[in-house]
Each structure stands twice: as C-alpha cells, then as structure tokens.
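Below: one structure, written as structure tokens.
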2 protein chains.
Amino acid sequence: MIRRTSQDIRRLNRFEVLRRVYAGPGAMSRQDVAAATGLSFATVANLTAELLEAGVLVEAGHEESGGGRPRARLAVNAERGALIGVDVAETSVHAELFDLALTVRHSVERPLPPGDVRPADVVGLLGGAVEELLAVSGTDRARVLGVGVSVPGMVDREGGVSSFSPYWSWHEVPLRALLDERLGMPLWLDNPLRASTVAEMWFGAGREVDDLVVLTLRAGVGAGIALGGQLHRGFTDSAGEWGHTCLVLDGRPCTCGNRGCVEAYVSLRGIAGTWRELAPDDERTGGPDDAATVAALARAADAGDPAAVAAVERTGRYLGAAVAQLVNLLNPQVVVVGNQVMDLLGERLLPVAYEAVGRHALALPRRAATLRRSAVPHDPVTRGAATFALEGFLEDREVFGPVSRMRRAARGGGGAGA
Amino acid sequence: MIRRTSQDIRRLNRFEVLRRVYAGPGAMSRQDVAAATGLSFATVANLTAELLEAGVLVEAGHEESGGGRPRARLAVNAERGALIGVDVAETSVHAELFDLALTVRHSVERPLPPGDVRPADVVGLLGGAVEELLAVSGTDRARVLGVGVSVPGMVDREGGVSSFSPYWSWHEVPLRALLDERLGMPLWLDNPLRASTVAEMWFGAGREVDDLVVLTLRAGVGAGIALGGQLHRGFTDSAGEWGHTCLVLDGRPCTCGNRGCVEAYVSLRGIAGTWRELAPDDERTGGPDDAATVAALARAADAGDPAAVAAVERTGRYLGAAVAQLVNLLNPQVVVVGNQVMDLLGERLLPVAYEAVGRHALALPRRAATLRRSAVPHDPVTRGAATFALEGFLEDREVFGPVSRMRRAARGGGGAGA
DNA sequence: CCCCTTCTTCCAACCCTTCGAATAAGATCG
DNA sequence: CGATCTTATTCGAAGGGTTGGAAGAAGGGG
C-alpha cells in the first residue's frame, strides 16, 4: 500500500506551478499561474516563494500595469544549474547538456559498435560523453543537478537495473551501480518511452492535457501512457510495450518471434519492409540502414514514385488501425506521434493515419482524441531523460523542505525591509 | 485542473479501511486494518470511529486475547441501510437489493422486448422492478442509501446521460433526469464495464492489487481498467472499449462495421460463430440464442465432440492473443475474466488462453500478470452498480463531515461512560 | 500629494495524519 | 484478590498543506 500524504500534494503542486512557467514563454505572472493551475493565489504565492528561494525561478521585470501595481514576471533561472540527458540507443549514445530552462547547451553523440555490446562498453562511452560535455561547456561537476539516462528495453527504475534489452544480450544489468561510480552525480534511469512521455508532459501536448498517449516510432515502437496527469509505469515498470501488440494475426514475422506485430509495420524496419513488398525490384528498398531507406522513401514519395506513395499510404493505414486500438481502449485526449519516423515521414503520414483511426475507432473516443505530431523541441528522449533529473531535483528534501522549515528560516534570517 | 485537497486523502483512506473490513470475513480488528492498509494506527482508529458513528461499522465482540486487552472485531453493519444495483442489459433489466454488507437480499429480472427499445420503456420497467424490490423486502424508501444503474454503451456519468447504446437507437438520452423523477433516491449511472471493475476492486482481485484489468465477456466485450488503485474512465468516460480492438486484420465482420474485432471472436456470438465455422452442419451451432448455443458448446465439448473441443480451444487462443496485447500495453498485476462466457465455458477456456498469452506477450509483463476468473460473488454488474451507490454514500458530506465537525460534536454531546 | 487600483505578503483558520503519553481492559501470578 | 503485565484504544499536541481575507506595497491619475 502506498501512503498518500499531504506532502505529495505539495510536490505535485510544485511541479504544476513550474510546468506553467515553462509553458508560458517568459511571461507568466503569479496571477496567470494561479488561473492556469486552479490553485488559490495564496498557494501559488507560497510555492513561488519557495522556488524563488531555491533559485529555480527569478523575477524578471514587470508587466505593463493598467493602473494598479504591476505584476512581476516569473522566469526559470537558467543559470541555477545544469541537467544532463542521455539517450542510449541501438547505434549510438547521445548525451546533451541542458541549462535549467531546458535549453540545449551542448550535445555529444558517440557511435556504438554494431552487434552485441557489453554493459561496460556503454558505461565507458557514456561516461566519456558526459565528461566531454562538462569539459566543453566548462561546467563544474557540482553544478550538475542530475543526470537522466534512457536505456532501451525494460528498466527497473527504483533498482537501477536494466532487466532486458531488445538489442543486446543484457540480463539484469545493475546499471545504477556501474554508472554511479563513473559519474558521481545524481542519477535517474528509465527507458525512452517514458522519457519521451515525460518530455511531452512538461514541454509538449501534456501541458494542457491530463490523459495522453505518446507513441515513439523508431527502430522499436512503444506507447507511453499518462493518465490523470500521471505517468503509468505498470506493475513491473514495463507498461507501454505496444510494439508487439498483434495488428495482423499471422502477419509478417517480427523480431520478437511472433507474427503481425505493430512494430513489424510501423517501425523503421517495418516501413522499409512495406516499401520492399511493394517494389521488390527497386534497389533503394534493400539497404541495410533502415533509417536511410525510410529517408529515401520520403524522397521517392515526394517525387511521385507510385510504389513509394503506396508504401507511405499503407503505413499510414497500419498506424491508424493501431492507434485506433489505443483510442478505444484508453480514451485519451491526445495521441502524440514522435521520433524518427515522424521526422522522416512527418506530414505525409498523419492525414492517412488520422483517416484510418476514424475508420477503426468508435465515434465517441475518436471525437475526443486528437492525433498530433510531437511539439517537444529537439530530441524528446534526451530532453525527457533530463526532465527525470529535473523532477528528481524538485523532490530533493534538502532544497525543498517542508513549509515549516521555511518559516523557521524566515524568522531566523529576518527579511530586509524596503 | 483538478484540485487535490487533503480531504481526498481522507476519502480514499475511508474507502481503504472499509474495503479491508469487507475483505476480512468478520474478523478484522483495527490492528489488522492498520497492518493491511499501511496507515498509522491512530488514523485507522480515527476513521473507524467515524464509520462507527455513521453506523456503517459495528463492533462485534472481541478476539481471543493472548494476555492483553482483547481486540475489538469490526464488522459492516448490514442493517444500516439498503443499496440497489440495476443491470440494464440487452435482453433484460436485472435489479437487486443488497444490504450494506453487500449481501443480495432480493432479486428481480424483467425481460426486455427484442428489437429497438425506447428509453421510456426501460425507465418504466426499471422503476417497476425497483418498486417491487422495495415491496417484497418491506424496505422503506428512506432506508435506501442509493441506486446504482449500469447501462450498456457509453455513459456520461456526471451528466447522467447515455450517449450511445450498442443495442438501441439511443442518442444523448438524459437518463438521470428521467430516473430521478421516477425513483426519488440518490442515483448513480455508469456502464457494465466499470461496474464489474469496481466490484472487482471492492470484492474481488482488486482487494489485494492496484493495477488490474477486468474483462467483461458477454454479448459485448470490454476491458475495465484500474491503475494505481483508481478506476480509469477516460477523457469522455468511454475508456475500456476493447471489443473493437482489431485482432485479425480483415477478419470476421463485426457488428460495428469493421472486421476482425476481438468482440467478433470472444463474445457469445463470436464463440458461437467459431463453432459454426468448424461444424457448419451441426444444427446446434445455428440457434438464434447465442448464450444457449455456447451452453450447448460447453456440453458438447465435455462430451468429447471434436469440433466443439476445437472451437473452445480456438476461442481460448483468440482470447489469449487479445489478453496478451493488454498485458504488454498496461503491465497489470492481474487480469480478471468474468461474466457470462466465463460462467458457461469457465475452466475449459483459461488454460488455453493462458498458454496463448505466454506465446504472444513479452516475458517480463507476462510473468508479472496472472490471469484469473472473477471471484466476485454473484453478478458483478449489479453488485458493481450497488458499489457505485455505496461509494456515493461514503462521499456524502452530511454523513461524513470533516474531522473538526466530529470533534465539535463530541465535545458538545459528551460521550457516555462505560 | 492624495486617492484608486491591483498585486503580494502575512496571518489565522481549517483539514489531515502521526507520534507518544495516558488510559482501558483482560490475563496471570503471587 | 490485588498487583502486575501485556496489549488495545483514546487523546492531545505537533507537523505538513491549502486558503480566505486583512494589511501592506507599488504604480497611475487627478
């Protein structure tokens, strides 16, 4: 049983206030935040005071006054510290350094060798990439508020263990232990699905919406699920494995051993496969690099190549049918589609997919749901990983103590008068 | 934005305590409840006092003492009031009267005419059934704490409107308005999926588990979803429409107009259809009453009829493949299968289905999930409907006021000594 | 320079949980 | 049969949160 305490309310409200400030581009006042969150003004003032004291927010000038006291503008204090987000993907380790305003400051990408990769190699590469980020940006280690790391597959977040990797023969790898030693900074581990989702919640569609599903389409595919404003992790941290949902009974073989999985149709490899089916003699369809093949497909479709157009169309229909299942089952307000496949095929795919959703989903949940492309700036996975670190920092009891502690401090210090 | 307040904590804890008392068959002490809920003993004592004062609980004797003061046994006060649960189904209206211990006291079933049925007819029949329940049981209207009504299809719970019915040509029918007038008792409207799920949360597998999926298999099929101990309703109250998830692309036509839906394979009609496919010349497979056909199928399978055995087996595989999707996506701790199909085919179906889940789901979420038959006594839909009324009663601010109100009352009244 | 308007801060009130001391209620033993 | 022991409950104070409203702060306008 999880104990619910009033401090949870406080923590969630703190998140909420800060999310609004991130959302409003430098122009949020306390009043705006109160209106947007539905919290009382007193509470917003209280929480902002706390965030100001912690240096997370700063007051940046005032708004135009229409006769009364002008509102103070709240902004995130970018210089309060740095966050690092790392995306360990199939072929590379991508590490980025953000300031606290979640602006990308520096970026490093290190290729991973093909084939099976040992955990120690990833740890080494990751450690090196982080060191380089610190060196290049001249950031002191102590200024880093946390490092978020996204590892593919199933990750036991609490234990810090990678239970299973789709690409490598990893089993119960104690990543936290290995990385803690190497990095010496606060560390949060999770997987790319949940990273993308949390990025969406802070910086994308999730800012306005409480029930959303975030589809990640790249080498693998998955669905991050956020319901009631809370990320759903599942009983063993493995919710969101949408890729091996059966889309076509006895359809194409999938890497998982089954047939007809969603992933076999809307992942990079699946899309390349669809093109190959439709144009078996076209040598562009046969390359070993699926991302390159899909990029070629996009170009060919733009050029009016009939097989390519048909392949995109068919992919859209597959995607739509698969999304319809989610819409029926979860009745979300928004379905966000993101990552590589979107970057490559983007606008070509969504209209077809949307139309297919309409054919496959029931009227009421379909009308409720909108399908849209991710609006998260830059890479949602590294950003999401950094967001985990941000969330971790915001839960730090040293920095954000209980209210009474603040009050004692205020009394002791004695505020300087005007 | 939904405001989170400390009173929500109180309300949820009140639910939690009471759920434990229902779960422990007459043998729960305050200590047991505290251990089971993880709440502090003081809080449990506090909540119990409130429930005792409201007459919901009573102290029923003491446990054997092993040397110290004996523990008081807590029990639900069945006589505190009555609850009515109504299941409006395709072919009948089934109304049941429960005491507060959720024991069925009286039951009435009224057939509905085949074909399109008007809302007024359902309201009339329902009203009559409720009147009969009151008359037969000699229950005073004022003693009824609430009436829960389950209506098929999509129901706007807050508005009290049936947005869409799968059987009848209902559109935006203001059921609450119609029924309020007829019944004159507190009313809660919802659909059978969510009713079954909430029944499971209070009286079935959900007592021990926080993430569960409840499959309802009868004329239609659906999946009730409870995550983190909370029922998920979806953005427009229509989550759980699992029946029209695509199981076989371009498979059997479904009533919804698409092809290959889950419902076309594991609903009563779907199962009958599978049997018919396998034994087209067997006249037992062709009756108009699907429930009767499935009952015949169960008998034939028991008798060793090869086509019947194959039909059950195939149905199990379909079910397993469909469940695997849910297991992968949501990573629940338990999947409960219930309602008519289970009653008819029960034990024959689950082993095959379980095996198929194993083939179609990923290792980690599969290991986490158990598939089991509903353990909710009697009819989960009427019971769930009654449970909505129970929950409504437990939220009644007149009865369960804030803590301070209690304290004032205690001071004013002055408790009688021992 | 005073008044008016609007934003912020501050305080008291209220809600909820929990710790620990005090009280209650049997069992047991001398 | 009372003292003592053990365990269960009750009670009060403290701690963590939110909120409405009074009081203070900061401009604009006459």
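Numbered from 1 within each chain, the chains take letters A, B, ... in sequence-line order. Predicted model only: the values in this text are computed from it and were never measured.
- Comparing A:G68 and A:I9 against DNA chain D, the residue whose closest nucleotide sits nearer the 5' end is A:I9.
- If you take CG of B:D8 and P of C:dC16, they are 10 Å apart, rounded to a whole angstrom.
- Partner of B:R157 under the side chain to side chain donor-acceptor pair (under 3.5 Å) criterion, chosen from B:D190, B:D237, B:N191: B:D190.
- In this structure, CD in A:E16 is found 13.0 Å from OG1 in A:T43, a value given to the nearest 0.5 Å.
- Atom CG in B:L47 sits about 15 Å away from atom P in C:dC15, given to the nearest Å.
- Straight-line distance from the CE atom of A:M28 to the P atom of C:dT8: 13 Å, rounded to whole Å.
- The distance between atom NE2 of A:H62 and atom C1' of C:dT6, rounded to the nearest whole Å, is 13 Å.
- In this structure, B:E59 places its CD atom 16 Å from P of C:dA24, rounding to the nearest Å.
- Here D:dT9 presents its C1' atom at 17 Å from CD of B:E50, a figure rounded to the nearest Å.
- Electrostatic pairing of A:E50 and A:R10 counts as a salt bridge here, judged by a charged N lying under 4.0 Å from a carboxylate O.
- A:R69 has no side-chain polar atom (N or O) that falls below the 4.0 Å cut-off from OP1 or OP2 of D:dA25.
- Residue A:F41 is the one, among A:F41 and B:P70, whose nearest nucleotide of DNA chain C lies closer to the 5' end (criterion: closest heavy atom).
- At the phosphate of D:dG17, neither OP1 nor OP2 sits under 4.0 Å from any side-chain N or O atom of A:N46.
- Between B:T43 and C:dT17 there is no side-chain polar atom (N or O) within less than 4.0 angstrom of OP1 or OP2.
- Between B:R30 and the phosphate of D:dT9, there is a side-chain N or O to OP1/OP2 separation shorter than 4.0 Å.
- The side chain of B:A42 lies closest to C:dT18 when the candidates are C:dT18, C:dT9, D:dG17.
- In terms of phosphate contacts, B:Q31 brings a side-chain nitrogen or oxygen within less than 4.0 Å of OP1 or OP2 of D:dT9.
- A perpendicular orientation is assigned to the rings of A:W202 and A:Y22, their planes being inclined by more than 60° (bins at 30° and 60°).
- Rounded to whole Å, atom P of D:dT6 lies 16 Å from atom CZ of B:R71.
- The interatomic distance linking A:R14 (CZ) with D:dG17 (C1') rounds to 12 Å, in whole Å.
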Show your reasoning for whether side chain to side chain contact (heavy atoms under 4.5 Å, CB included) applies to B:F98 and B:T103. CA-CA 5 Å; B:F98 298 80; B:T103 307; over 6 Å; no
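- Here the side chain of A:S40 is nearest to one of D:dG17, D:dT19, C:dC19, namely D:dT19.
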